[in-house]
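Below: the structure, in structure tokens.
Read the numbers this way: they start at 1 and go in the same order the structure lists the ligands and their atoms.
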Amino acid sequence: MNDINPRAHQHADIRQGVRDACRAFDSSYWQQVEEESSYPEAFVHALTEAGWLAALIPEEFGGSGASLTEASVILEEINRSGANSGACHAQMYTMGTLLRHGSLEQKRTYLPRIASGELRLQSFAVTEPTTGTDTTKTKTFAEKHGNHYRVNGQKVWISRVQHSDLMLLLARTSPLAQVTKKTEGLSVFLVDVQESLKKGLTVRPIRNMVNHETNEVFFDNLEVPAINLIGEEGKGFSYILDGMNAERILIAAECIGDGYWFIDKARTYANERIVFDRPIGQNQGIQFPIAHAYTNVRAADLMRYEAASLFDAGHPCGAEANMAKLLAADASWQAANACLQTHGGYGFASEYDVERKFRETRLYQVAPISTNLILSYLGEHVLGMPRSF
Ligand SMILES: Cc1cc2nc3c(=O)[nH]c(=O)nc-3n(C[C@H](O)[C@H](O)[C@H](O)COP(=O)(O)OP(=O)(O)OC[C@H]3O[C@@H](n4cnc5c(N)ncnc54)[C@H](O)[C@@H]3O)c2cc1C
């Protein structure tokens, strides 16, 4: 059958390379990982070895210096293959913070080792149990004592920390009550996870709906060297915001990959499954939801490329990045529903992978940013309506 992605010929080398790397990790691999509730270590290792996860690291530091558009194609193809980028995507979307705001010394120390696969930067600690989406109320506090900061507090939903060497941590360095703007007084640190586990960092796994390694994380007088502060003290919130557009675009691409996977899976099954002596796909009740979802995946893909090309050209892209994420997350969820419905009862059977991908793609409505927060960004910052919170 023809490729349903009309852009499949663009970035063909990247697409082919990622598909080749993912080929060994087929349906049975993902089912086994899921059954064991384990981390897809061999898969992440293979992608690292092939250099795909270091795509955004500049060549001078050992990476391939890819554009964001190219990086987004990598994540799209991972999800299109039936795999889940959630096991390893953070290294792409946290990279900008280190690249744009890290010191030359930090970049020289970490980037070549991340590029070679010696170190993983897969953990990003922002969300807290009592503050949720209201990030400026972050309570985790890093207090400076000479040449180190002492960190106390708690984070939740911190993914991949058990399989990462480094964690980007957002913490308050000035109390909220002492800053003029609530976005000030937050700082970003690069935390050595293995080292910290011995001296004040505790990680407690959270069982969840998808096989996603995510955790509660506790800081009890954890000492982080002051040289691990990224950029200027107190400016961390703006660094995190800086990275948001890239994150939205990359996540949109993952959703697009999921969307095409669901559509492919649905149309194949619709053509093969015979009920009432004809393929179920001959019924428009089956065809139309798949065609409708396909239309929305294609439309979302246009916005994803629009956002990515603006980003790569250095132009503002907040509106497009947010819309791409929203449209793509909705389209992949619509495609997931159409695919599951097309499979009837078999959609619920693990061996078809549909129910796994269905759960995985549902997450994009909530994390890393929920749909409501995107709509509020558009309402306030793009459409000029009153600030709501
Ligand atoms: C599997 C998983 C992995 C994750 N990985 C990470 C990670 O690695 N690092 C990390 O820092 N975080 C991570 N998160 C956290 C994720 O980013 C948050 O769950 C998400 O941002 C929402 O925050 P919350 O869960 O606290 O929801 P809340 O802030 O409590 O919000 C609950 C609901 O209310 C809505 N809401 C809240 N305020 C408003 C408002 N003013 N107007 C309209 N609607 C509103 C939200 O949109 C949401 O739907 C992960 C979450 C999950 C589930």
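Contact check on Glu76 versus Arg15 returns a salt bridge, with a Lys/Arg side-chain nitrogen under 4.0 Å from an Asp/Glu carboxylate oxygen. In this structure, Arg298 does not pair ionically with Asp301, as no charged nitrogen and carboxylate oxygen lie closer than 4.0 Å. Ion pair Glu77/Arg19 flagged as a salt bridge, since at least one NZ, NE, NH1 or NH2 atom sits closer than 4.0 Å to an Asp/Glu carboxylate oxygen.
Atom CD of Gln106 has more than 12 heavy atoms from other residues, nucleotides or ligands within 6.0 Å. The number of heavy-atom neighbours closer than 6.0 Å to CG of Asn221, taken from other residues, nucleotides and ligands shown, is above 12.
For Val156, no nitrogen or oxygen atom sits less than 3.5 Å from a nitrogen or oxygen atom of ligand 1, counting backbone and side chain alike. Considering both main-chain and side-chain atoms, Trp157 comes within under 3.5 Å of ligand 1 through a nitrogen or oxygen pair. Ligand 1 has a nitrogen or oxygen under 3.5 angstrom from a nitrogen or oxygen of Ser370.
Remark: minimum distance from atom 15 (C) of ligand 1 to any protein heavy atom is reached at Thr127 OG1, 3.3 Å. In terms of protein heavy-atom proximity, atom 36 (N) of ligand 1 is closest to Leu373 CD2, 4.3 Å.
Close approach of ligand 1 to Val366 is summarised as follows: ligand atoms under 4.0 Å from at least one heavy atom of the residue are 20 (C). The ligand atoms of ligand 1 that sit less than 4.0 angstrom from a heavy atom of Ser159 are 3 (C), 4 (C), 5 (N), 6 (C), 7 (C), 8 (O). Annotation for ligand 1: atoms under 4.0 Å from non-hydrogen atoms of Phe389 are 41 (N). Per-residue contacts place His212 under 4.0 angstrom from the following atoms of ligand 1 (heavy atoms of the residue considered): 1 (C), 3 (C). Below 4.0 Å from some heavy atom of Asn372 lie the following atoms of ligand 1, by number and element: 43 (C), 44 (N), 47 (O).
Between Thr130, Thr133, Thr214, it is Thr133 that holds the heavy atom closest to atom 22 (C) of ligand 1. Heavy-atom proximity to atom 21 (O) of ligand 1, evaluated over Pro368, Gly132, Ala367, Ala125, is greatest for Pro368.
Proximity of a side-chain donor or acceptor of Asn271 to a complementary backbone N or O of Gly281 within less than 3.5 Å is not detected. A donor-acceptor pair is defined here as one N or O able to donate and one able to accept, closer than 3.5 Å; no such pair exists between the side chain of Thr127 and the backbone of Gly132.
Residue contacts with ligand 1 for Leu363 involve side-chain atoms from C-beta outward but no N, CA, C or O (heavy atoms, distance under 4.0 Å).
Atom 43 (C) of ligand 1 is approached by the protein to below 4.0 angstrom, counting heavy atoms only.
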* Under the salt bridge (Lys or Arg N to Asp or Glu O under 4.0 Å) criterion, do Arg267 and Asp264 qualify, and how do the steps go? -> CA-CA 5 Å; Arg267 68 165 176 158; Asp264 254 339; 2.9 Å; yes
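In this structure, the ring of His381 has its center less than 6.0 angstrom from the ring center of Tyr377.
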